[in-house]
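To keep things clear, I will list the structure first and then write my remarks on it.
Whatever order the structure lists them in is the order used to number ligands and atoms, beginning at 1. The structure displayed is predicted, hence computed values, not measured ones. Nothing fancy with the numbering, it's 1 onward along the sequence.
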Amino acid sequence: MSRTLVAAAAQMGPIALSDTRREVVARLIALLHEAASRGAELVVFPELTLTTFFPRWYMTDPDEIDAFYETEMPGRETLPLFEAAKKLRIGFYLGYAELVVENGVKRRFNTSILVDRDGEFVGKYRKIHLPGWDAPQPDLKSQHLEKYYFEPGDLGFNVFEAFGTRVGMAICNDRRWPETYRVMALRGSEMILVGYNTPDDHTGNFDFDSLTQFHNQLSIQAGAYQNSNWVIATAKAGHEEGSNLIGQSMIVAPSGQIVAMATSTDDEVVVAKCDLDMAALYRKTIFDFARHREPEHYRLIVENRGPLTS
Ligand code: CDV
């Protein structure tokens, strides 16, 4: 009997600074309804879904900064999303800015959670690869200050038993790093969920070319194929507060083939029926890890952060 999961990428168009949580959650619920009407059992929302992508600005007022973070999940404003999902019997991945206080110290993470079809909390991931800077860069036309607003995730790349499969989570920049997928694949993941906010107009800050969309596809397709995993990747897209965010939310098979992709840069749901047994396909052959990997030659990867100097 084949194991299948109908998964959806629920792409979001831009979120303005002035948009309230209540307005955003209403959009998320509308996307949930559409995904459910198309048979989806799991919906993936973007990174930092609940607000505009605030790391593009340098702020110093603690109250202004704190307003972008969630101190509880669900909180008063996000509870309707959890209730709607439970009623629709649809699980979800949600990215948000998380603020926790530990021993009197505020800690901030770029976080995602996974909730199952019964509305039960399955797992949490905190973004490990934070792009950008920890202070404003006067020479750059646009800022990207994730290292200022977040600390690197401390939960590792875990894999959760849910939806009849083993699911891993990553967030945005993580999708460009092969280590992200490989750690989860070694833990037996069959499906990896990713939300992202990727500007294509930050020339000089990140890319030096006009290949942002190509690199998005390349990273996700390579990660899927080389680790024989389904990848559901969801964008926050469109022209948001002066920044142009790519769309291309996509569902990629373990073969590396794109089976569904958003065509707009607005709120849009893409759905695919994922054959979970396909995840074993390449692991029995070309990527049979136990037979073919040679970890003693990979030590440098974990021992060194950057290249060896000559
Ligand atoms: N939110 C992100 O992590 N964005 C980065 C951009 C800024 C390069 C990304 O890797 O898409």
Geometric cation-pi criterion R175 and Y196, 6.0 Å radius, 45° cone: yes
Among R21, R108, R76, salt bridge (Lys or Arg N to Asp or Glu O under 4.0 Å) partner for E70: R21
Lys/Arg-Asp/Glu bridge criterion (N-O < 4.0 Å) met for D154, R107: yes
hydrophobic_cluster_shared for I15 and L32, side chain cutoff 4.5 Å: yes
Selection residues 31-49 - residue pairs positive for salt bridge (charged side-chain N to carboxylate O under 4.0 Å, His left out), sequence neighbours left out: E34-R38, E41-R117, E47-K127
First-shell residues of ligand 1 [heavy atom, distance under 4.0 Å]: E47, F53, K127, P131, H144, E146, C172, N173, R175, R176, N197, T198, P199, F206
Flag for N227-R182: side-chain donor and acceptor within less than 3.5 Å: yes
